[in-house]
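Below is one structure, written out as structure tokens; comments come after it.
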Amino acid sequence: MRTLAYILLVFISLSSCSEYQKVLKNEDIAPKFKMGEALYDEGKFDKANRLFAQIVPNYRGKPQAEKLMYLYSNSFYKMKDFYVAGYQFERFATSYPNSEKVEEASFLSAKSYYMLSPVYTKDQTETKEAIEKLQNFINLFPESQYLEEANKLVKELEFKLEQKAFSIAKQYNHISDYPASIKSFENFIFEFPGSSLREDAMFYKLDSSYKLAINSIEYKKEERLKEAKASSDAFKKSFVNSKYLEEVNKMVEEIDNQLKDYTANS
């Protein structure tokens with residue numbers, strides 16, 4: 001019985017494949033649209049996409065073109081081909097600005113760019129582009145049903161930029177390039193004033209400033225100690241109960257001790 005069922009299943013599958021190949025090779029566009037839509041509804045997006053790709057040029061200017069272009073664009077999205085999906089949805093929104101699907105298409109286009117954003121350790125050009133696309137969507141559809149999700153995606157992407165900038169600044173600290181580290185952390189604090197990494201950034205800026213001062217040549221040392229002292233004061237004022245407080249206090253003690261020597265000598 002099981003063998004019979006298996007044979008029947010294989011036969012149906014082969015028949016289905018045969019029918020698909022037949023329609024694929026057929027020059028008639030109507031059966032391609034019909035089968036493509038049926039396959040799309042079944043979740044067989046790759047097969048549907050192949051059929052849609054063959055007929056898109058033939059339907060330009062026809063009443064069915066809007067539906068076809070939406071299905072075609074979304075089949076790329078469902079296949080996780082986000083490069084093409086973003087582009088196709090953008091084309092759809094431009095071609096059919098009055099469509100009932102324009103809001104969804106615009107959102108999915110922007111979200112496709114979000115999906116292309118890499119991990120923060122890599123180049124963030126695509127992340128910046130995704131933020132721009134999502135922000136454009138938010139500006140165009142301020143009352144959208146997708147607004148909450150769009151804002152959430154923007155925050156995620158912005159945090160990637162924060163992580164990237166922070167990691168670069170911290171790397172300078174790690175390799176003992178303290179002037180570059182200080183400058184990078186200053187830029188980070190200015191560019192991302194509300195960042196959840198602000199405490200860490202201010203600590204490592206202080207750490208870089210402290211190490212630069214302590215290891216400085218003599219004629220630059222006093223000035224750099226004062227700059228490190230200013231950084232420690234700013235840090236302690238901003239983060240009274242910081243997790244770094246013990247380390248900061250040790251730095252402050254050393255800075256104060258060395259500054260006393262200059263006061264005594266003067």
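Taking the six-membered ring where the residue is Trp, Phe188 and Phe166 present perpendicular rings, their angle passing 60° and hence far from 30°. Ring geometry, Phe235 versus Phe239: the interplanar angle falls from 30° to 60°, so the pair is classed tilted. Between Phe107 and Phe137, the angle of the ring planes lies from 30° to 60°, which puts this pair in the tilted group.
A 4.5 Å side-chain heavy-atom check between Tyr113 and Ser117 finds every atom pair outside the cut-off. Annotation: side chain of Tyr244 is in contact with side chain of Tyr204 (closest heavy-atom distance under 4.5 Å). Using a 4.5 Å heavy-atom cutoff, the side chains of Tyr96 and Val102 are not in contact. The shortest distance between side-chain heavy atoms of Ser231 and Tyr210 does not fall below 4.5 Å. Looking at heavy atoms from C-beta onward, Gln124 lies in side-chain contact with Pro118 at the 4.5 angstrom threshold. Annotation: side chain of Glu162 is not in contact with side chain of Glu191 (no heavy-atom distance under 4.5 Å). A 4.5 Å side-chain heavy-atom check between Asn249 and Glu253 finds every atom pair outside the cut-off.
In this structure, CD on Glu129 lies 7.0 Å from CD on Glu132, to the nearest 0.5 angstrom. The distance from the CG atom of Asn241 to the NZ atom of Lys236 is 12.0 Å, given to the nearest 0.5 Å. Here Leu157 contributes atom CG and Lys133 contributes atom NZ; the two are 13.5 Å apart, rounded to the nearest 0.5 Å. Distance check: Ser109 OG to Arg91 CZ gives 12.0 Å after rounding to the nearest 0.5 Å. Remark: Asn49 CG to Leu39 CG distance equals 11.0 Å, nearest 0.5 Å. The OG atom of Ser99 lies 12.0 Å from the NZ atom of Lys67; values are rounded to the nearest 0.5 Å.
Looking at every heavy atom in both residues, Ala105 comes nearest to Phe89 through O-CB, 3.4 Å. The nearest pair of heavy atoms linking Lys160 to Tyr120 is O-CB, 3.6 Å. Taking each heavy atom of Glu126 and Leu116 in turn, the nearest pair found is OE1-O, 3.3 Å. Lys221 approaches Ser216 most closely through the heavy-atom pair CA-CB, 4.0 Å. For Lys122 against Lys164, the heavy-atom pair with the smallest separation is O-NZ, 3.4 Å. Contact between Met251 and Leu206 at its shortest, heavy atoms only, is SD-CG, 3.9 Å.
Lys32 and Asp28 are not joined by a salt bridge, as no carboxylate oxygen comes within less than 4.0 angstrom of a charged side-chain nitrogen. Salt bridge status for Lys250 with Glu254: absent, with no side-chain N to carboxylate O gap under 4.0 Å. Under a 4.0 Å N-O distance rule, the pair Asp200/Lys243 qualifies as a salt bridge.
A side-chain donor-acceptor contact under 3.5 Å links Ser112 to the backbone of Leu108. At distances below 3.5 Å, not a single donor-acceptor pair connects side-chain atoms of Ser181 with backbone N or O atoms of Asp177. Between the Asn74 side chain and the Tyr70 main chain, no donor and acceptor come within less than 3.5 Å of each other. The backbone N or O of Lys22 lies less than 3.5 Å from no partner atom in the side chain of Asn26, so there is not a single donor-acceptor pair. Under the 3.5 Å distance criterion, the side-chain polar atoms of Tyr20 are matched with a main-chain donor or acceptor of Lys47. Here the side chain of Ser208 pairs no donor or acceptor atom with the backbone of Lys205 at under 3.5 angstrom. Although no hydrogens or angles enter the test, the distance criterion places a donor-acceptor pair under 3.5 Å between the side chain of Ser232 and the main chain of Lys229.
Criterion: ILVMFWY side-chain heavy atoms under 4.5 Å apart, direct or through other members. Under it, Phe192 and Tyr172 are not part of a common hydrophobic cluster. Grouping the Ile, Leu, Val, Met, Phe, Trp and Tyr side chains by contacts below 4.5 angstrom, directly or via other members, places Tyr146 with Leu140. Clustering ILVMFWY residues whenever any of their side-chain heavy atoms sit less than 4.5 angstrom apart, transitively, puts Phe203 in the very cluster that holds Leu225. In the hydrophobic clustering of ILVMFWY residues, with side-chain heavy atoms under 4.5 Å counting as a link, Ile189 and Tyr178 come out apart. Taking hydrophobic clusters as Ile, Leu, Val, Met, Phe, Trp and Tyr residues chained together by side-chain heavy-atom distances below 4.5 Å, Tyr114 shares a cluster with Tyr83.
Enclosure of atom CD in Glu42 by more than 12 non-hydrogen atoms of other residues, nucleotides or ligands within 6.0 angstrom is indicated. Summarising the local packing, OH of Tyr87 is surrounded by 12 or fewer heavy atoms from other residues, nucleotides or ligands at distances under 6.0 Å. In Lys62, the NZ atom is crowded: over 12 heavy atoms of neighbouring residues, nucleotides or ligands sit closer than 6.0 Å.
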Exercise for review: Output, in order, the C-alpha distance, side-chain angles, deciding distance and verdict of side-chain contact (heavy atoms from CB on, under 4.5 Å) for Lys226 and Glu223.
Suggested key: CA-CA 5 Å; Lys226 288 177 180 177; Glu223 181 186 352; 5.8 Å; no
Check your understanding: Step by step, would you call Glu103 with Ser144 a side chain to side chain donor-acceptor pair (under 3.5 Å)?
Key -> CA-CA 8 Å; Glu103 181 183 322; Ser144 172; 2.6 Å; yes
Review point. Please walk me through it: do Met35 and Leu24 pass side-chain contact (heavy atoms from CB on, under 4.5 Å)?
Key: CA-CA 9 Å; Met35 178 173 273; Leu24 196 65; over 6 Å; no
Exercise for review: Take Glu199 and Ser242 through the side-chain contact (heavy atoms from CB on, under 4.5 Å) test and state the conclusion after the steps.
Suggested key: CA-CA 8 Å; Glu199 179 181 352; Ser242 173; 2.6 Å; yes
Check your understanding: Run the side-chain contact (heavy atoms from CB on, under 4.5 Å) check on Met69 and Gln88 step by step: do they pass?
Key -> CA-CA 8 Å; Met69 284 306 300; Gln88 291 294 347; 3.7 Å; yes
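No cation-pi contact links Lys101 to Phe92, judged by a cut-off of 6.0 Å to the six-membered ring centre and 45° from its axis.
With Leu134 as reference, Leu153 is the one residue of Asn151, Leu153, Asn139 to meet the side-chain contact (heavy atoms from CB on, under 4.5 Å) rule.
Checked against the 6.0 Å centroid criterion, the rings of Phe82 and Phe76 do not qualify as a close aromatic pair.
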